[in-house]
Amino acid sequence: MENQNKEQEIYKSWESQGLFSANPNSDKEPYSLLMPPPNLTGDLHLGHAMQHSILDAVARYKRMQGFDVLLLPGVDHAGIQFEGTLDKILAKEDLSKQKLGREKWLERAWQFKDEVYKSFHDAWTVFGISADWEREVFTLEPKVQKAVLEEFQTFWDQDLLYKGAYIVQWCPRCGTAIEDIEMEYQERDDTLYYLQYGPLVLATTRPETKFGDTAMAVNPNDERYKDLVGKEFEIETFGGKKMMKVIADDAIDPEFGTGAEKVTPGHDILDYEIGKRHNLPILQVIDKQGRLTELAGKYAGMKTNEAREAMLPELKEKGILVKTEAYKHSVPVCERCKTVVEPIISEEWFVKMKPLAKKAIKNIDKINFYPSNYKKILVDWMENIHDWSISRSLWWGHRIPVWYCSKCNPNKEVGKDKDMVISLEDPGKNCQTCGQKHWIQDEQVLDTWFSSGLWPMSTLGWPNQTKELERYFPWSFELTSPEIKYLWIARMIMLSLWHKDSIPFRNMFFHGMLRPLSGAKFSKSLGNAVYPDELIKSWGTDATRMTLYTYSAPGRDSRTSKQLMDERAKNFRNFGNKIRNIAKFVVDHRPDPAGVIARSSATKQSNHKDDKWILEELNSTITAATKNIENFELHLATDTIYDFVWHKFADIYIEKSKSRRAEAQPTLEYILETSLKLLHPFMPFLTEELWQEKLGKKDSIMSTPWPDTKGK
RNA sequence: GGUCGCGUGGCUCAGCUGGUUAGAGCGUUCGAUUCACAUUCGAAAGGUCCCUGGUUCGAAUCCAGGCGCGACCACCA
C-alpha cells in the first residue's frame, strides 16, 4: 500500500510536468502509438493489462530516444456488448430497456459509461500508462460523430451504400442482426429428420421451417433425380396440400442425406441464395423473437425448438416423417449471448466492400506486420470479402444519420430520388415533395466497428485537416489481440486507404492471447480469470508489468494461471528488490561519502579487466535490448536486461568490486545509472524512484536519453 | 472442409534469419548467513529439443511426410 501511494505520487509528478503530452509544434521527429480502445463493459482484464504495458514500454523507449511521442488513449462504446452488460445490471433492479424507454435508458447508459470510465482511469494510472490524457477520445463523442457522418456520406455518394431486405444472421436474444464474424459455433448432438415430400425424401435438422419451404432442390448432375427436375408435385403440409417444384442447383451436395433438400429461402442462407437464383418466393415463418409466425398454423407463437418437438406426432401420423438419425453438427450462436442465431429476412444497411478490399490488398505491403504471416491471413480474408451489414437494432451507438419524410416516404425507402436526407441533426429544411418538415430519423444504429474502423483517423480530428492528422498519421505503432484482426484491423486498413488514401499504421503488432491451462479462454463466468489488480496488490506494478512482458512474444498464445503468474511476478518482485539493494550498495555504501571520485571521472578510461569486462557486457546488453525493442520483442529485451543486471552486474561484478571498491566506484555508478535507464520503459516506478532518491537526479528519468554504446 | 500455429528438462515458456557445454522462472537436492540483499548467495540433479526421412561440414533451428494438440475461417441442409 505504501508503495502504491508512492507510485501514485510519481505518476502525478510525471503528469504535472507534462511528460505524457505530445507536442505537435515540436521540432522532434514524431512517433505515434494508438491505444486500442477497450470496450466499455467493466474491468480491464489481463489482456488489456498486457496490451497497455506493451504500448507504454514502447512509448517510454521512444521518448527516451528523443521522439515527440503521442500515445493516444480512448474507449469504445461497444454497442452489443455494452447493452448486454447494462441489461444484466438493470435486470437486477427489475428494470429493462422496454420499461425505461429509449430516453431514460440512454440517460442510464451514459451514467454507467461514467462509472466504467472512472475504473478504467484508475487502472491506467496504477499501471503507469504514459498516455496523453488531454487527447483521449470516446467513440460516441461529437468528434467521432462527425467522422462517421463523413464516412457514411462518402459511401452514399460513391454508391457503395444500400439498404434492403436481405437474409441476415439474427440474434433473437440481442434483438439485432449480427455479422458472420460476430458468431461462433457450438458442437451439438441433433437429429436429422427424413421427410417425405412428394416423390422425394429430404433430410433436414429443422422440420419447423417446413412452413417456409417454397421448393425442393437437387444437384443438376444427380442421375437419381434427373427426371424430376422442373416438375411440380403436390406436397402434404399440415394446413393442406401445396404445389412445389423440384429445382436443380449446384449448391446441393449429392452426398448429404438423400441428396435432395427442401428450400427455405426465408430462414437459411444457402436456401436464400438458391431462392434468388430461381426466383422463389420468400416466406417468413420465424419472427425476430425466434417464434413461429401465423404461417405455422397451430404452431404459431412457439419457439423454434418447442415447435420442432410439438410437431413430431403430427409428422409421424401423416406419414411425412420417414426416419430420424442422430446427427452431430455445429450450430451458429451469438458470440455475446450464446443464443442460437436465426437466419431471417430483415431490412438492413450494407456497404459494398469489394472495392475497398481491393485497394487494401494492393497497399498492404506498406505495413509491417508482427508476426509477418498476419499479412497473408488478412489478404486471404479480404479476397473473399462479403458486403458489410452495418445496421444494428440497438440504442447504444451512432444512430444512422438518415432522415425520412414521414409523409412522403413512410416506408423509409432509400434512394437518390427518395425523400430522405443524410444528416446528424433534424435537417430542418422542407421536404422537396410535400414542402413540409416531417422528418423522422432511422431507428437503427451503426455497427460499432463502423466507428471503430475509423479510429486511427477520427482520433486525430479527421475529416478536418488538423495539425495532428498531418503529423501523427499514419500511426507508427498499433497493436491488438488476433481475435479482432478481421473485425477491426482489416477494417481500419480498408477504411483508411479508402477515405484518406493512406495506410493507417506502419507497424501492426499482434500479441498472443493469454489462456487458462485448458487452452480455451479466460472468462469471468467460469471463474478462471486472473485479475491484474490482484497481481499488483501482491507483487507491485513493476513486477506485474515485467511478468506480462514475458508473455508478449508476437503472435504467441500462452497458457497460464493465477499460480504461474504469481510465480513469475514473485520473481520480478525479487528482482526489484535486488535493484534496490544494488542502489543501496553503490550509493549509500559509497567508499568516499562525498562522492568526489564518482562524480568527477565518468568511467571512460578504466583499464582494470573487471571494469572492461562489465562495460563490454553493458554495451552488448544495450545493443541487444535496443534491437529487441526495435523488433517489438519486449520479452527478449527484458530477459537480456534482467540477466545482465542480476547475474552479471550484481552476482559477478559487484562481488569482485568489493576488494577494490574505491577504484570500481565510478564504474559501479555508471552501470547502475545505465541499468536504470534500460529498465525504465518496463519498470517505470522503481527506476524513477531510485533515479531521484539514490542518484539524486532532479529531472525525471523519463526525459533522459536512452543509452547508446557510442563513445565507449 | 480450408487456413494458420504449436509440440524443448516435473510445470509454464524462451531460443528456431542453422555453428561453441540447449536457456529462464517455478519446483527438487546439497551447502552458505555478522558481507547491499534470506525478497539472498554458491553448487547439483533433471532434456532421444514429438517421430521418420532429406538438405548441409554441421539442425531444436531449413525442407518433406507422419502423429498429437490448438486457434481462426467456412452457407453441408
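Letters go in sequence order (proteins before strands), and every chain restarts at 1. The basis for the numbers below is simple: all heavy atoms, side chains too, and nothing from hydrogens, waters or symmetry mates.
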Short side-chain N/O contact to rC4(B) OP1/OP2 from K376(A), under 4.0 Å:
yes
Determine the contact category for K578(A): base if any of its heavy atoms lies under 4.0 Å from a base atom, sugar-phosphate if only primed atoms, P, OP1 or OP2 are that close, otherwise nothing.
base
Do the side-chain N or O atoms of W646(A) get closer than 4.0 angstrom to the phosphate oxygens (OP1, OP2) of rU40(B)?
no
Name the nucleic acid region contacted by S558(A), choosing base, sugar-phosphate or nothing; use a 4.0 angstrom heavy-atom cut-off, strictly under.
sugar-phosphate
Contact class for R206(A) (heavy atom, under 4.0 Å): base, sugar-phosphate, or nothing?
nothing
For H647(A) and rG23(B), give me the distance from atom NE2 to atom C1', rounded to whole Å.
11 Å
Looking for any heavy atom pair under 4.0 Å, which part of the strands does Y272(A) touch: base, sugar-phosphate only, or nothing?
nothing
Please check if the side chain of D249(A) supplies one atom and the backbone of I252(A) the other of a donor-acceptor pair under 3.5 Å.
no
Going by an N to O cut-off under 4.0 Å, is there a salt bridge joining E663(A) and R660(A)?
yes
Determine yes or no for a side-chain-to-main-chain donor-acceptor pair under 3.5 angstrom, with R491(A) supplying the side chain and L487(A) the backbone.
yes
If we ignore hydrogens and angles and just use 3.5 Å, is the side chain of K627(A) paired with the main-chain N or O of A637(A) as donor and acceptor?
no
For rC37(B) and N577(A) - does any side-chain N or O of the residue sit under 4.0 Å from the phosphate oxygens OP1/OP2?
no
Interatomic distance at P, rG58(B) relative to rG53(B), whole Å
16 Å
Spell out yes or no: do the side chain of E655(A) and the base of rA36(B) have one donor N/O and one acceptor N/O closer than 3.5 Å?
yes
